[in-house]
Structures are given as structure tokens and as C-alpha cells.
Amino acid sequence: MKKTTILPNPSMNTRLSHTGRRPDEQHGLVNTPVTRGSTILFKNLKSLDNHSQTFSYGRMGNPSTRTVEEIVTELENAHGTVLTPSGLSAISTAILSCIKSGDEILISDSAYEPTRKLCDGLLTKFGVVTKYYDPRIGTEIEEIINEKTSVIFLESPGSLTFELQDLPLITKIAKKHNITTIVDNSWATPLYYRPLDLGADIVIHAGTKMFVGHSDVMSGTISTNEKLWESVKKAHYLTGVCASPDDAFLIARGLRTLAIRMETHQKNALELASWLEKQDIVEKVLHPALPSHPDHTIFRRDFSGSGSLFSIILKPAPREAIAALVDDLELFGMGYSWGGYESLVLPAKPENIRTATVWKEKGNLLRIHVGLEGIADLKADLMAGLNRYSQFLEIK
Ligand SMILES: *Cc1c(COP(=O)(O)O)cnc(C)c1O
């Protein structure tokens with residue numbers, strides 16, 4: 001948004017409310033309307049020839065998508081943002097924009113599984129080699145970098161196991177070797193974590209999650225610093241991953257309330273996580289904002305708040321115990337995704353995903369997205385589930 005002498009540095013909440021709006025251009029309407037369209041007419045040959053129109057074809061954006069891009073650019077302190085139809089298409093487009101055949105990519109072992117599948121399953125066909133590294137790696141990352149390394153892909157925290165990465169350290173090393181760093185920032189959102197300010201080149205979001213906030217739209221964004229902007233914009237254009245204006249309208253609507261939703265998600269998640277930490281049957285709570293978390297120092301240094309999502313490790317018990325816990329929950333649904341107003345759980349097995357590190361926990365992992373329901377109700381629902389689970393524990 002425009003900075004004025006009265007508001008040289010508006011707060012994030014003010015930016016969320018005011019960025020990307022143009023009531024003067026749209027009959028005074030507060031929100032950018034849905035502008036559907038493929039063909040956009042040129043006024044004359046000159047405007048066709050010299051690309052002088054703001055919008056020239058549906059795939060290349062329109063007022064609805066521009067509003068979302070402007071908001072995210074503002075929040076991430078980026079040079080520019082492109083909107084994509086899903087989080088995964090943001091990841092694939094960002095990666096494609098900076099690799100060539102023969103290159104190597106380094107990915108955190110904690111990264112979102114489809115990111116791994118994209119690299120292992122598709123990029124290998126083009127001669128791109130992917131290597132995984134311990135998310136808690138420090139300066140040793142330099143030992144796995146070579147002259148072919150072109151990208152380091154980070155997710156901090158990993159959205160299943162919640163290790164944090166030392167982003168300032170990694171971006172410093174990456175810059176020395178002219179390597180592009182891409183960060184998946186879906187968990188914290190730019191309200192609580194700003195990877196570009198910490199030295200990253202590209203930030204992606206699964207907008208599907210917190211930006212949309214209502215579990216009803218797929219969306220992704222790629223924001224970059226000035227250096228990477230032209231190549232990302234070009235990759236976005238060439239791969240044709242354009243977002244629908246109807247979806248863009250809903251994403252912009254979601255973004256306007258991101259700050260107040262995040263506050264409640266954060267508060268509810270922290271309260272539930274601290275409470276779970278006191279339950280006998282819970283061996284560990286993996287939430288970076290808890291002092292017990294191994295990466296809590298990094299959290300305090302680099303983040304200004306925490307998200308809705310964390311995991312717990314339950315005492316070992318057979319699969320039936322998890323079924324007993326999750327099948328009869330009344331408020332928590334079970335499903336992929338997260339970020340909506342409603343609470344979710346997802347049992348997962350990181351031991352089957354990792355390759356660079358060994359997942360040592362013997363107990364069952366349950367990922368929890370804490371929604372906007374009343375906290376006492378969420379506790380009661382989970383407590384009943386934990387009691388059902390505990391009936392399957394071996395009595396020692
Ligand atoms: C969901 C998710 C994605 C992918 O987003 P989609 O919109 O489902 O494609 C990427 N990264 C993280 C951390 C996610 O949770």
C-alpha cells in the first residue's frame with residue numbers, strides 16, 4: 001500500500017485491510033470484484049505492439065488476481081508475487097524457474113511429501129538430482145554443496161515434524177555459492193515469519209491453507225526478491241499456471257481477516273499443545289513455540305508468532321488404538337490440508353518418508369490443526385479420544 005507522511009510505516013493489520021483496493025476504478029466498491037475473462041481488447045495497434053496495457057490476456061492476470069498478488073507482496077516485503085492454482089503448482093513453478101538439466105537440488109528431509117515426489121518422480125527425468133539433508137543442519141550444509149547445486153528448498157518448520165531451520169545461516173552460505181533459496185512459509189504466514197527479510201530469494205505459500213482460511217479454495221503464491229522476479233514471472237507465464245478470478249476473489253476475502261484468524265489459531269494451538277504436554281499418554285509435543293522444543297531458540301530469534309498446526313507423539317500402541325482415537329472424534333475431522341476454521345487431525349508416518357535422517361520416535365504421530373472452535377470443547381473431544389487410545393496400551 002501507499003506510504004504517506006502520516007503513515008510512513010503502517011502496521012501489518014492496516015496493510016492487510018488496505019492493500020490492493022481501488023474503489024475509484026470500480027464504482028466505489030470496497031472489494032475488487034470478480035473479473036472473469038480470457039480476451040482483453042487492445043485499444044489500438046500501438047497498445048498491442050508496445051505491450052502498454054496493464055492487462056492483455058486472461059492467463060496473464062486481471063484485476064482479481066492482481067489484488068491478491070499485491071497483498072502478498074506487501075506482506076512478504078517482496079518485489080513481486082504471482083498467484084498459482086495450488087500450493088504445489090507454486091512449488092513446481094518456483095523450482096522450474098531456477099533449475100536446468102544436470103543441476104542438483106537440496107531439500108530439507110522434513111519437507112512436504114509432494115515436494116519430494118515432484119523432485120524424485122518428475123525432475124529426475126530431466127537429469128536433475130535431488131539430495132535430502134537433515135533439517136537441523138548447520139554449516140555442514142556446505143559439505144553437500146557442489147558446483148552443480150542450484151537450489152536449496154526449505155520448509156521451516158516442516159509441516160509434519162516441526163523442526164526449524166537456521167535460515168539466516170543457510171541463506172548466507174547459499175549466497176556465497178550463488179544458490180537460490182526457496183522457502184515454503186505456509187505454516188507461519190508472513191505475519192509471523194518473513195523469509196525474504198532473512199535472506200531467502202523466493203517464498204512460496206500453499207494459499208489453500210491460512211490465506212484462504214475456509215477450506216474451500218485451492219491456491220498458491222510465489223513471492224520473490226528483485227533478483228529472481230523476472231525468471232519466476234517468466235516461468236509462471238510459460239507453464240500457464242494461472243489462477244481463476246473467482247478463486248482470487250475468495251483468497252483476497254480470506255486474507256483480509258488473516259491477522260485475527262491467526263491470533264486465535266495461535267492461541268488455541270498453544271493452549272492445546274501445552275495441555276497435551278501434560279497428558280501421560282503423550283510422549284512429546286512437536287510445537288516450536290513451546291520451550292521444550294529443541295529449536296525453540298531459533299523460533300524466538302526468527303519468528304514473531306506461531307501457527308495452527310503441530311504434532312504429538314503418542315505412546316506406542318497398535319493401529320486399532322489410532323482408529324479408536326480418530327474415528328469417534330466429534331469436532332476434529334480427519335483429512336489432508338489444514339488452515340481452515342475447523343479443527344483437523346491426521347495420523348502420519350514420517351519414518352516412511354525420510355531418507356536423509358532416521359525418524360527415531362517409536363510412538364504414533366498425530367498431526368493436529370487447531371481451528372477456531374471453543375478451546376474447552378476441543379480439549380474434551382481430544383481427551384475422550386486419548387482415553388479410547390489408552391485402552392490399547394500394554395499394561396506394564
Ligand atoms: C498443503 C501444502 C502444500 C501444497 O498446497 P496445495 O494447495 O495442497 O497444493 C505445500 N506446502 C505445505 C507446507 C502444505 O501444507
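Order of appearance sets the numbers: ligands from 1, and atoms from 1 within every ligand.
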So is Trp187 close enough to ligand 1, meaning a heavy atom under 4.0 angstrom away?
-> no
Would Glu70 and Arg22 pass as an ion pair if we require N to O under 4.0 Å?
-> yes
of all protein heavy atoms, closest to atom 15 (O) of ligand 1 is Lys209 NZ, 2.7 Å
Do Phe211 and His205 have ring centroids that are under 6.0 Å from one another?
-> yes
Do ligand 1 and Ser89 have nitrogen or oxygen atoms that lie under 3.5 Å from each other?
-> no
Specify the protein heavy atom at minimum distance from atom 11 (N) of ligand 1: its residue, its atom name, and the distance to 0.1 Å.
-> Asp184 OD2, 2.7 Å
Look only at interatomic distance and state if Thr208 has a nitrogen or oxygen under 3.5 Å from any nitrogen or oxygen of ligand 1.
-> yes
Residue, atom and distance of the protein heavy atom nearest atom 8 (O) of ligand 1 read Met218 CE, 3.6 Å
Can you list the ligand 1 atoms lying under 4.0 Å from a non-hydrogen atom of Glu155?
-> 13 (C)
For Leu88, is at least one N or O under 3.5 Å away from an N or O on ligand 1?
-> yes
Is the centre of the Tyr192 ring less than 6.0 Å from the centre of the Phe303 ring?
-> no
Stepwise side-chain contact (heavy atoms from CB on, under 4.5 Å) check, Phe249 with Arg36 | CA-CA 11 Å; Phe249 180 87; Arg36 288 206 196 93; over 6 Å; no
Near Gly87, which atoms of ligand 1 are under 4.0 Å from a heavy atom of that residue?
-> 4 (C), 5 (O), 6 (P), 7 (O), 9 (O)
Within-shell test, Ile91 vs ligand 1, heavy atom, strictly < 4.0 Å | yes
Taking distance alone, with no angle check, do Trp338 and ligand 1 share an N/O pair under 3.5 Å?
-> yes
